[in-house]
Structures are given as structure tokens and as C-alpha cells.
Amino acid sequence: MGDEDWEAEINPHMSSYVPIFEKDRYSSGENGDNFNRTPTSSSEMDDGPSRRDHFMKSGFASGRNFGNRDAGESNKRDNTSTMGGFGVGKSFGNRGFSNSKFEDGDSSGFWRESSNDCEDNPTRNRGFSKRGGYRDGNNSEASGPSRRGGRGSFRGCRGGFGLGSPNNDLDPDECMQRTGGLFGSRRPALSGTGNGDTSQSRSGSGSERGGYKGLNEEVITGSGKNSWKSEAEGGESSDTQGPKVTYIPPPPPEDEDSIFAHYQTGINFDKYDTILVEVSGHDAPPAILTFEEANLCQTLNNNIAKAGYTKLTPVQKYSIPIILAGRDLMACAQTGSGKTAAFLLPILAHMMHDGITASRFKELQEPECIIVAPTRELVNQIYLEARKFSFGTCVRAVVIYGGTQLGHSIRQIVQGCNILCATPGRLMDIIGKEKIGLKQIKYLVLDEADRMLDMGFGPEMKKLISCPGMPSKEQRQTLMFSATFPEEIQRLAAEFLKSNYLFVAVGQVGGACRDVQQTVLQVGQFSKREKLVEILRNIGDERTMVFVETKKKADFIATFLCQEKISTTSIHGDREQREREQALGDFRCGKCPVLVATSVAARGLDIENVQHVINFDLPSTIDEYVHRIGRTGRCGNTGRAISFFDLESDNHLAQPLVKVLTDAQQDVPAWLEEIAFSTYIPGFSGSTRGNVFASVDTRKGKSSLNTAGFSSSQAPNPVDDESWD
Ligand SMILES: Nc1ncnc2c1ncn2[C@@H]1O[C@H](COP(=O)(O)OP(=O)(O)OP(=O)(O)O)[C@@H](O)[C@H]1O
């Protein structure tokens, strides 16, 4: 669709959208951080400061930085962003963005920006110009806020302005259903027709960080612009920092069928038996071959059967006896191969055997096990697994994560807590509030351990193990699991583990799951959208995850696809938690078969029937690639991954990509081999010989290669665009 068509579509709707804006839905921030102006009339939306307010309140990202700008600048920004976006009411989500005009001369139309999504980065401010159009580079009109305007507007549709049309929630139009998934979750708060949840965003979006107040939403402003820890620090809200988050996630269904709902293992499940496994370290107990050999109690065996598990996966065969023997473990096994049960089952078995503190109301709970993972959705998934396997036992699992009301987390905990599944920020908050004591900890599990120990979460993890009361590593059992384990991270991990820990490496060279058919296409930045649409049209309704590099791009591409009448939703760190959960729900149930995601969804998520992963943007590291494509082809099922390789930006990935493809016995395009050859990095080994396992135990001093045989120190640092926690 050409630019003109997009404008034609949006403009007739503009006038009817605008008056819906109601000034009294917003309140001013006391610290001037974010929302220090109150619109005085709806017409202010067309110019002046009110628009900034609108953007902030409509869930625009990083309210803090944005809001701190001076009024003059904000006015300019406001002016430039007006038309781009408001679209309220029916099908706004599409139209809000559809007005975005790309003046970059490209047919595919993506902006040229640094993938670094730092809010303060001026280069990022290139974006939507007046009426949402895009101008590249230094064009003053387009610079700064304009793009934000486009985005803010986009969010506005799902946020503050959804009342524009009475049809907003009811429109049976397919697009609207899509946008319901993509945009809908604040509507209830505004319309008062919701479930009583008066959600506030946590992760930016201008809300939790001080930017937005909806009709019946409670906002308590923080003490100033510095009251928020950076997201990279795993910053989490607490009562003293920023506005309160009031989102209370709906409880999961309690009936047995739902608890044990599972998908079928795939045709390649039995092929797991042929995967090579290496255990290193001293005195490793032998692997078990069947669940019976694990000698678990009857209740656990019943739960395993109800979960549909009849046969152990390799990582389970090796890890279960190791954990049962009380050993520390670092386990590296391919995506989707059952690592969660590999640690949950033996921990539960121990708990059942040794006895646990009975669940009862106590202000300070002392769980026996803490499981940490990098994203909210993943930690929730682990909790559901823990709940499933502990069904009918006296073990109580609890989940706490950011973006939800702190009081809710506390209420869950004080009712009793034996296994605590948590994201790091919320965990540290709760420990700080003395709701969790660590004295009884016997098991500390780091899922996606390489991520938990890298620069993003490593400091939080170190804090955790040095918290008062936390048993020393000699006194607790520490377990680490991931599909990737770069060498540097393994070294860091040693600080957490007893020196005699065991290392289990499962899987074929390169770590990518062989059940995923991988294709790499050479697609330039400005042809990507067209290609994406072409592929998605061919795919039809099959569930597809589309990965992009930045949060803004996720919004943009999702909206673009909606406009192309492809039912799409999105998940990324700037979306409110409620929106994230709604998006995942819509994707899981097939309402929106396309999920556009940033790397926040790259790890761990286990969603039935994801048949395709599309790397619209390749990630900056090969490990991330392995995790992303691992969202498909899980548990013996087959899947497909298509990656757009941009010669302008992805050449550094050519070598490790060739290795991953080769190791997974995939076709390697000649052009990719050529690039890999021409960008030769000394020390890189394209050969699979001598590097049979996805990761090797660094204690053997054998190799400095990580997943792709690519030294992590050579790999570029990932651009961390995300709020993970
Ligand atoms: N032995 C088994 N038999 C049948 N299904 C299993 C078995 N073990 C695990 N599964 C199922 O396989 C799926 C993938 O498991 P899980 O999410 O634990 O994988 P993972 O290795 O942690 O993946 P990732 O690396 O992506 O986090 C889940 O749906 C899980 O219930």
C-alpha cells in the first residue's frame, strides 16, 4: 500500500477521533517528570503541550526521559506528532499507524535507526514526522518527538482513547479483533467495564514511570526522575519508587484438566535418544533411562503421567539423578527438550522426601526453593509447571514478577511458599520487604542461566547470593539450565556453584534444535516488510513469531501487519504487563496467529503449535538466534525458522550462522558461506570436529567456543532493548 493510500485511509477519520479525548482523564505529576500539564480542551490535541500529555498518558515509552524535556521542545514535538496518530475508536490501531508516512524512499519503509533503543539517543528520535510521516536523518521537523508521536498515538489507541467508538470493543471486524489483542487492555480501565483491574504499566510506557493516569487508575508519583532503577538493572517498582503498579494478573484456572493441559510430543521425540550427551566433573551418578528408575513418590508419578510424560528426554535422564544425588549442576540442552521438568521433578522429590514447612499464613515465609528466570512470562510458565507437578502434594509454589501489584505478590507469598518462582527485580523487592527469608533455601535454580548471569542480571544474582540468611553455596544446591552457555558466563557461574559441580551438555553441535528447518534469506532493510507479508500470506493461519530488534519496531510491524489484514499482536518490554499477557493469550489461543516480539520472548516460552519463527531482524548474537528459533520445533515437533539477513548489518553473524546451520544439518546458502569466509575471524572454527557439544565445560580448558564456535568475546554485545523483568 502506498503512502497516499495510507493517508487517505486515516484522514477522514481524524476529526471524529479527536473529540473523544477527555482532559480530565489525566492528572499532573507532582514532580514534573512526565505529565506536568493538563490539557484544557480536546482541541489542544492538535497542538501545544497537551499532546505530549497525551502521548505520555497513552502509554508512551520511557516517560521519564521524555517528560523531562523542556516545554519548548515538547511543544515542537507535540506539533510534529499530531496527525500520526490518534486514532481512536474503531480500528484505530491500524489507522493510527496507517497514517504513518515513510518518506525514506523505500518501499518497505522502515526507518533507519540505530538498533539501540536507548530513549535518550537522539538518533532514535528520527521518526514519524508530521502526520506520522517518517523523515530520516537531521530533518528538524521529524527529529525528536515526532516518531514518538507516532508511537504514542499508536499506544493511545489501546490506552487512553479507546472510547472513541462505541464499537471499539465490539466491532466484529477482523481488524478490530486483532487490535483488541494488540491494543485492548487498557480499555477496561477507562471504560469501567473491565474486570476491576486498575492496571498501571510497569515497564515504562510513561505510566508506571509517572506518565499516565487512566480514568480509574491509581497513580502515586515517585520522588523524582531518578526514582526508577534502570530496566537493565532489573529495576522494579517498590512503594517508594514511582507510581504504584496495580495490575493483578488473573489467577490461572484451578481445574485439573487445565492444570495438566499439554501438547503432544512430536514425531521426532524418539530421536532424542540418539542425541549425544556428555557429563563432565567427578563422580557423576549414572543416567536413568525411565521415570521408574528415578524412584519418585506415587503422587509425583501420577502427576507425570497426567502431564503426558511417558519417556524421559536426555537432559532429564542425566539431570534428574544428578540433582537427586545432591550435586550442583550446570546443564546445557537444546531448546524445547524438557529442562524445566529436569530440575522441578528431582527438587519436588527431595521436598517430598525430606519434608517441608507446611503452608500457613505467616508474614515472613521461608521457601526451600527459589527459581529465577529473566522474563515475567517465563517465570509464570515455570510456576505453572511447578504447580502441575506438585499437584496433590503439600508443596506450595508461588510466582511473583514485575509489572504486577506488589501487594498481590506479597499476598501470594504470605499464604505459604515452598517454591518461589520470581523475576530478579521483584524478588529483591520482596526480600527487601522482609516477606521472604532465605535461611531455609536448599535449592537455587537459575533458568536461562547464561542470561541470568550476564551483565543485565548478574549484579542482581550476586546480590541475591549475598543476601543475609542466604545459605552459602556449600549449604545449598545450585542448578543452572540453558540452551546456551558461553564460556565467560560459565566462569562467572563458578562463583555460585560448588567446585565439584557437574556439567551436562546435551545436543548436537551448535545448539540449535535439528527439528527446526532453518532458512536464511538475503533481504535488505527496506524490502523486509514486503517479504514478511509475502511469507505470512503463504503461511496462512499457522502460528508464527516474528522477531524484531526494538520495541518500537515491534509496535510498528504489528500495526503494519494488522493493516495488511494479518491478525497480529505484539509483546515487548514497553507494553503493560496486562497487555503482554493478553497478547500471549491471544497468540496461544490462535486469535492472533502472528506475534511480533522483541527478544523478551526469545527465551523459554513454550507455546503449543508455533510452526514458524521469522527473524525479521537477526539478533546481535548467535546465542540469541538459537533461543529465538527454539520457540518452534519443541519437544520432538517440527518447525521452520526464516531469517532475513541484511548485508548492511548482519555480516558479523555470517560465520556463527554458517556453523549453526551446518551443525544442524541445514542447507547453507553459498552467499552466506562467502560472507562468512570474507569476514573470517581468527580463532573461529567452522569445523564441527572437536566441538561436538553445544557448549563445553570450560573446566576442561578444551575450547573457547560457545554455541556457534564463536568466542563470546568476539561476539558483539547484545543490544538490550528490553525490560526483561
Ligand atoms: N519427558 C517429557 N515427555 C513429554 N513432554 C515433555 C517431557 N519433558 C518436557 N516435555 C514438554 O516439552 C515442552 C518443552 O519443555 P521445556 O519448556 O521444559 O523445554 P526447555 O528445554 O526448558 O526449553 P527452552 O530452552 O526453550 O527453555 C513442554 O511443553 C514440556 O511440558
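Keep in mind that this is a model prediction, so the values were computed, not measured. Atoms within a ligand are numbered from 1 in the order they appear, just like the ligands themselves.
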Taking [Y]'s backbone N and O only, do any of them form a donor-acceptor pair with [X]'s side chain (distance below 3.5 Å, no angle check)?
X    : Y    : answer
H262 : F260 : yes
K553 : D617 : no
T632 : V610 : yes
N301 : L296 : yes
N268 : K271 : no
Q381 : E377 : no
N418 : P367 : no
R580 : I571 : no

Residue that, paired with D450, satisfies side chain to side chain contact (heavy atoms under 4.5 Å, CB included) out of R603, Q490, E488 =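 Answer after filtering R603, Q490, E488: R603.
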Looking at [X], which atoms of ligand 1 are within less than 4.0 Å of one of its heavy atoms?
X    : value
E448 : 27 (O)
R634 : 14 (C), 16 (P), 17 (O), 19 (O), 20 (P), 23 (O), 24 (P), 26 (O)
Q334 : 21 (O)
R631 : 26 (O)
T265 : 4 (C), 5 (N)
S337 : 19 (O), 20 (P), 21 (O)
F269 : 2 (C), 3 (N)
Y263 : 13 (C), 29 (O)

Does even one non-hydrogen atom of [X] get within less than 4.0 Å of ligand 1?
X    : result
R603 : no
H262 : no
F481 : no
G336 : yes
E608 : no
H627 : no

Could an N or O of ligand 1 be found under 3.5 Å from any N or O of [X], whether backbone or side chain?
X    : value
T340 : yes
G338 : yes
Y309 : yes
T335 : no

[atom] [closest protein heavy-atom partner, distance rounded to 0.1 Å]:
atom                    : result
atom 14 (C) of ligand 1 : D606 OD1, 3.5 Å
atom 25 (O) of ligand 1 : K339 NZ, 2.6 Å
atom 12 (O) of ligand 1 : C635 SG, 3.0 Å
atom 8 (N) of ligand 1  : Q316 NE2, 2.8 Å
atom 1 (N) of ligand 1  : K311 O, 2.7 Å

More than 12 foreign heavy atoms under 6.0 Å from CD of Q264: is that the case here?
->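 No, CD of Q264 has 12 or fewer neighbouring heavy atoms, counting only those of other groups under 6.0 Å.
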Do you know which two heavy atoms are closest between A287 and P321, and how far apart they sit?
->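 It is CA-CG, 4.1 Å.
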Which atom pair, heavy atoms only, marks the closest approach of A449 to M480?
->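 Shortest heavy-atom separation between A449 and M480 comes out as CB-CB, 3.5 Å.
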Ring center gap for Y383 and Y401 short of 6.0 angstrom =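 Centroid distance Y383-Y401: not below 6.0 Å, so no.
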When the aromatic ring centroids of F547 and F644 are compared, is their separation below 6.0 Å?
->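 Judged by ring-centre distance (under 6.0 Å), F547 and F644 do not meet the cut-off.
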